[in-house]
Amino acid sequence: MTETQTRQAVRAYHEARFRGDIPAATAQLATDFTFSSPLMSSTDPEGHLKDLPAFLSVVTGVDLLSELYGEAEATLVYDVYTATPVGAQRTAEHFRLDDGKITSIVLIFDGTPWQEIMA
């Protein structure tokens, strides 16, 4: 894979996810896939997006701050703005890829303020 291919797959996933297009986001994921975040983990390419519509219902904007791409990995850093007491959430997301598909995502953010909302 080239850095350009990595960028295309990761950006396609990121953009599809934040516009709520679950099929397009899922299309970028490998069958053998893992996801982890402070609030959940999944090995199901579709399952980790099952709560996306509820999350997007409180998202008011996303500002991409940094993009770093390698041949088989990428990191995005962005702020997610929400209509919740959390407000703005600084987030980092690390991706690993194989053969043009995302094989793992590690989502990094402070989950503490979300635990109260989710309770």
Side-chain angles (χ1 to χ4, degrees):
M1 265 184 87
T2 67
E3 287 182 27
T4 299
Q5 291 168 318
T6 298
R7 182 182 193 284
Q8 289 170 342
V10 169
R11 283 303 295 270
Y13 171 84
H14 177 79
E15 291 167 7
R17 184 182 53 185
F18 279 109
R19 68 172 186 268
D21 188 344
I22 293 172
T26 303
Q28 301 304 316
L29 305 178
T31 305
D32 185 18
F33 170 78
T34 60
F35 173 84
S36 67
S37 79
L39 301 176
M40 66 179 279
S41 62
S42 177
T43 58
D44 178 9
E46 292 151 0
H48 91 284
L49 294 171
K50 68 180 172 46
D51 294 327
L52 182 64
F55 176 66
L56 290 179
S57 73
V58 300
V59 171
T60 60
V62 178
D63 284 333
L64 188 58
L65 304 174
S66 179
E67 304 172 79
L68 303 169
Y69 297 99
E71 291 180 6
E73 66 180 320
T75 301
L76 302 182
V77 178
Y78 51 91
D79 287 336
V80 177
Y81 300 96
T82 69
T84 71
V86 174
Q89 177 76 64
R90 173 83 26 101
T91 304
E93 196 164 19
H94 184 259
F95 300 83
R96 293 213 179 268
L97 295 89
D98 186 34
D99 200 26
K101 296 288 185 177
I102 298 167
T103 59
S104 74
I105 300 173
V106 176
L107 192 62
I108 303 162
F109 62 93
D110 179 6
T112 306
W114 290 101
Q115 291 171 350
E116 185 175 319
I117 291 171
M118 296 173 70

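Rounded to the nearest 0.5 Å, atoms OG (Ser36) and CD1 (Ile108) are 8.0 Å apart. To the nearest 0.5 Å, atom CZ of residue Phe35 and atom CG of residue Leu107 are 4.5 Å apart. Atoms OG1 and OH, on Thr4 and Tyr69 in that order, are 10.5 Å from each other to the nearest 0.5 Å. Distance check: Thr6 OG1 to Glu71 CD gives 7.5 Å after rounding to the nearest 0.5 Å. For the atom pair CG of Leu29 and NZ of Lys101, the computed distance is 8.0 Å after rounding to the nearest 0.5 Å. Atom-to-atom distance recorded for Gln8:CD and Thr2:OG1 is 7.0 Å, nearest 0.5 angstrom.
Linking Ile, Leu, Val, Met, Phe, Trp and Tyr whenever their side-chain heavy atoms come within less than 4.5 Å leaves Val106 and Leu65 in two separate clusters. Residues Val80 and Val77 fall into different hydrophobic clusters, defined by Ile, Leu, Val, Met, Phe, Trp and Tyr side chains chained together at heavy-atom separations under 4.5 Å. Grouping the Ile, Leu, Val, Met, Phe, Trp and Tyr side chains by contacts below 4.5 angstrom, directly or via other members, places Leu64 with Phe55. Both Phe95 and Phe109 belong to a single network of hydrophobic side chains, linked directly or stepwise wherever heavy atoms of I, L, V, M, F, W or Y lie under 4.5 Å apart.
The aromatic rings of Phe18 and Tyr78 lie perpendicular to each other, with more than 60° between the two planes, well past the 30° mark.
The side-chain heavy atoms of His14 and Val62, taken from C-beta on, include a pair separated by under 4.5 Å.
In terms of heavy-atom proximity, Val10 sits nearest to Ile102 at CA-CD1, 4.3 Å. Minimum heavy-atom separation, Ala30 to Thr103: CB-CG2, 3.9 Å. Closest non-hydrogen pair, Gly47 versus Met40, comes out as O-CE, 4.4 Å.
The number of heavy-atom neighbours closer than 6.0 Å to CG of Asp32, taken from other residues, nucleotides and ligands shown, is 12 or below. No more than 12 heavy atoms of other residues, nucleotides or ligands shown are found within 6.0 angstrom of CG on Asp98.
Under a 3.5 Å cut-off, the side chain of Thr26 and the backbone N or O of Pro23 do not form any donor-acceptor pair. The main-chain N or O of Tyr81 is found under 3.5 Å from a side-chain atom of Thr60 such that the two form a donor-acceptor pair.
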| task | Would you please test Leu49 and Arg17 for side-chain contact (heavy atoms from CB on, under 4.5 Å) and show each step? | result | CA-CA 8 Å; Leu49 294 171; Arg17 184 182 53 185; 4.1 Å; yes

| query | Stepwise, does the side-chain contact (heavy atoms from CB on, under 4.5 Å) test hold for Glu93 with Ile105? | reply | CA-CA 7 Å; Glu93 196 164 19; Ile105 300 173; 3.4 Å; yes

| message | Quick one, Asp44 with Lys50, criterion side-chain contact (heavy atoms from CB on, under 4.5 Å). Give me CA distance, side-chain angles, the key distance, then yes/no. | response | CA-CA 10 Å; Asp44 178 9; Lys50 68 180 172 46; over 6 Å; no

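Every residue meeting the side-chain contact (heavy atoms from CB on, under 4.5 Å) condition with Ala9, not counting sequence neighbours, appears here in chain and number order: Gln28, Leu97.
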